[in-house]
Amino acid sequence: MPELVESLPRRMGPVGSANWTAMLNAAEAILREEGYGALTSRRVAERIGAKQRLVYYYFPTMDNLIIETFRQLSVRELKLMSQALENERPLREVWNICIHAGDAPLISEFMALAHRIEGLQDEVTSFIEKSRKMQIAALTKALGRPKRTDQLQPAVIAMIATSLALSLTREAELGVTLGHRQTQAAIEQFFKAFEP
């Protein structure tokens, strides 16, 4: 009887290498420009000028590639938020990141994928919670202690601001502008009150 040979773990390409990073960047660009339906190993390979099988040398599945792509994005976004907190006007800086980030539609794409890709939901949840804590820190610093019990708490304002920024961004991409100017003016008044 032939001796059973234990299967060895499949050799993978080095994490952080030029090819690995190029594949993440290609996947991110495809998601941003064309959406999830266009993201395939073939398209990633074409984008970097490599053979399709090279993608699977670095990532066992497309799900792994998507998860790593989100990790790269979240590290970048959290770094921006962290830098914003160091600014003398953190509220404005955090808002600018939320409203002007080109990654808002991309993050929305990942949020939709989180329901279908095992492991991605944990990554997305962690990112949202970390960024929300940073927003709350900026708001707490600017607002100080609430003077009345009916005043909105920093966590509530952070939720409203995140949702509002996403809504404004999505609507502007569609060409919807009704109410945007007035909303931006109200936000500017808020900033003037707390970060003159």
Side-chain angles (χ1 to χ4, degrees), residues 15-16 20-33 35-36 39 64-115 117 119-146 151-174 180-181 183-196:
V15 171
W20 185 84
T21 302
M23 288 177 200
L24 296 181
N25 292 340
E28 183 176 319
I30 293 165
L31 278 171
R32 180 181 284 112
E33 295 164 13
Y36 173 69
L39 183 59
N64 294 116
L65 174 61
I66 291 167
I67 291 168
E68 285 301 325
T69 302
F70 182 78
R71 283 183 184 141
Q72 175 179 265
L73 170 69
S74 66
V75 165
R76 186 174 64 235
E77 288 293 305
L78 291 172
K79 182 178 180 185
L80 284 174
M81 286 281 221
S82 181
Q83 290 169 346
L85 290 178
E86 300 301 318
N87 192 287
E88 63 186 43
R89 296 164 115 187
L91 284 182
R92 289 176 188 271
E93 289 299 313
V94 168
W95 173 255
N96 285 333
I97 290 168
C98 291
I99 196 73
H100 297 297
D103 292 330
L106 189 57
I107 291 169
S108 295
E109 190 83 25
F110 281 114
M111 288 173 74
L113 288 170
H115 296 289
I117 298 175
L120 183 57
Q121 184 170 351
D122 292 339
E123 295 290 331
V124 170
T125 300
S126 175
F127 166 74
I128 291 171
E129 289 181 351
K130 285 176 184 174
S131 63
R132 182 142 315 133
K133 284 177 184 174
M134 291 177 171
Q135 292 168 343
I136 291 168
L139 284 158
T140 301
K141 181 178 177 183
L143 300 175
R145 289 198 171 275
Q151 189 172 353
L152 290 177
Q153 299 297 307
V156 175
I157 297 171
M159 281 285 305
I160 292 169
T162 301
S163 300
L164 184 59
L166 189 56
S167 182
L168 288 170
T169 303
R170 284 180 174 170
E171 286 188 6
E173 287 173 358
L174 292 172
H180 286 215
R181 188 174 43 79
T183 302
Q184 291 283 16
I187 291 165
E188 187 56 36
Q189 285 303 114
F190 179 83
F191 289 150
K192 283 179 181 174
F194 293 102
E195 286 185 347

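What you see is a predicted model; the values in this text were computed from it and never measured.
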How close do [X] and [Y] get, counting heavy atoms only, and between which atoms?
| X | Y | answer |
| --- | --- | --- |
| Ser131 | Leu78 | N-CD2, 3.7 Å |
| Pro154 | Leu139 | O-CD1, 3.3 Å |
| Glu195 | Leu91 | OE2-N, 2.6 Å |
| Leu65 | Thr69 | O-OG1, 2.7 Å |
| Ala138 | Leu85 | CB-CD2, 3.5 Å |

For the [atom1] atom of [X] and the [atom2] atom of [Y], what is their distance to the nearest 0.5 Å?
| X | Y | atom1 | atom2 | value |
| --- | --- | --- | --- | --- |
| Ile187 | Thr183 | CD1 | OG1 | 6.5 Å |
| Leu120 | Asn64 | CG | CG | 11.0 Å |
| Ile67 | Leu113 | CD1 | CG | 10.0 Å |
| Gln135 | Met81 | CD | CE | 4.0 Å |
| Leu73 | Leu24 | CG | CG | 11.0 Å |
| Leu168 | Gln184 | CG | CD | 6.0 Å |

(request) Please collect all ring-ring contact (aromatic ring centres under 6.0 Å, His included) contacts where either partner lies in residues 68-87, sequence neighbours excluded, each pair once. (result) Phe70-Phe110, Phe70-Phe127

Less than 4.5 Å apart, any side-chain heavy atom of [X] and any of [Y]?
| X | Y | answer |
| --- | --- | --- |
| Met134 | Pro90 | no |
| Glu68 | Val15 | no |
| Glu88 | Glu93 | no |
| Thr169 | Glu173 | yes |
| Ile160 | Leu152 | yes |
| Lys192 | Gln189 | yes |
| Leu143 | Ile157 | yes |

(request) Output all residues satisfying side chain to side chain donor-acceptor pair (under 3.5 Å) with Ser74, sequence neighbours left out; order by chain, then residue number. (result) none

(message) Test of understanding: with side chain to side chain donor-acceptor pair (under 3.5 Å), list the residues that count as partners of Gln72, not counting sequence neighbours.
(response) Asn25, Glu28

(request) Look at atom OH of Tyr36 and say whether more than 12 heavy atoms of other residues, nucleotides or ligands are closer to it than 6.0 Å. (result)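 Atom OH in Tyr36 is not crowded, with 12 or fewer foreign heavy atoms closer than 6.0 Å.
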
(message) Could you check whether any side-chain N or O of Thr162 sits under 3.5 Å from a backbone N or O of Ala158, counting only pairs where one atom can act as donor and the other as acceptor?
(response) yes

